[in-house]
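Here is the structure we will look at, set down as structure tokens.
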Amino acid sequence: MARISVDTGKCIGSAQCVLAAPDVFDQDDDGFVTVLDDSPSGEAESSARTARGICPAQAITVHD
């Protein structure tokens with residue numbers, strides 16, 4: 001099972017993570033990423049890995 005972390009200081013609020021993995025990520029009131037599930041599995045884990053790859057700020061880390 002993977003563990004997800006984000007560097008909120010890098011986040012630029014593009015919401016690509018939310019679009020790619022809405023079960024794992026959301027945005028706070030200021031538009032920055034929040035993690036809903038820091039240990040996703042199955043399809044949610046796969047979506048989180050996709051989100052990591054498309055994040056323009058490279059703010060997402062997936063720890064194996």
Side-chain angles (χ1 to χ4, degrees):
M1 183 181 303
R3 189 176 58 80
I4 308 299
S5 64
V6 295
D7 183 341
T8 55
K10 286 184 174 181
C11 180
I12 61 171
S14 71
Q16 296 304 301
C17 56
V18 178
L19 294 173
D23 293 336
V24 180
F25 302 104
D26 199 358
Q27 289 180 288
D28 66 15
D29 291 338
D30 295 320
F32 298 108
V33 65
T34 60
V35 178
L36 300 175
D37 182 359
D38 66 356
S39 297
S41 60
E43 188 175 324
E45 179 181 343
S46 178
S47 295
R49 290 180 186 279
T50 297
R52 175 195 60 191
I54 64 173
C55 176
Q58 298 179 339
I60 300 168
T61 302
V62 178
H63 307 274
D64 291 312

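For the numbers below, each heavy atom of this structure counts, side chains included, while hydrogens, waters and symmetry mates do not. What you are looking at is a predicted structure, and each value in this text was computed from that prediction instead of being measured.
Shown here for Gln27 and Thr34, the closest heavy-atom pair between the two residues is N-OG1, 4.0 Å. The two residues Ala48 and Ala21 make their nearest non-hydrogen contact at N-CB, 3.9 Å. The heavy-atom pair separating Thr8 from Val33 by the smallest distance is CG2-O, 4.0 Å. When every heavy atom of Leu36 is checked against every heavy atom of Phe25, the shortest pair comes out as CD1-O, 3.8 Å. Residue Cys55 comes nearest to Ile60 through the heavy atom pair CB-CD1, 4.1 Å, listed as atom of the first residue, atom of the second, then distance. Between His63 and Ser5, the shortest heavy-atom distance links the atoms NE2-OG, 2.8 Å.
Atom CD of Glu45 and atom CG of Asp64 lie 7.0 Å apart (nearest 0.5 Å). To the nearest 0.5 angstrom, Ile54 atom CD1 is 7.5 Å from Leu19 atom CG. Note that the CG atom of Asp37 and the CD1 atom of Ile4 stand 8.0 Å from one another [nearest 0.5 Å]. One distance of note links CG of Asp38 with CE of Met1; it measures 10.0 Å at 0.5 Å rounding.
Of the residues Ser39, Pro40, Ser47, the one that meets the side chain to side chain contact (heavy atoms under 4.5 Å, CB included) test with Val24 is Pro40.
The side-chain contact (heavy atoms from CB on, under 4.5 Å) check on Gln58 picks up nothing, with sequence neighbours excluded.
No side-chain donor-acceptor contact under 3.5 Å links Ser46 to the backbone of Gly42. Remark: side-chain polar atoms of Asp30 are not paired, donor with acceptor, to backbone N or O of Phe32 under 3.5 angstrom.
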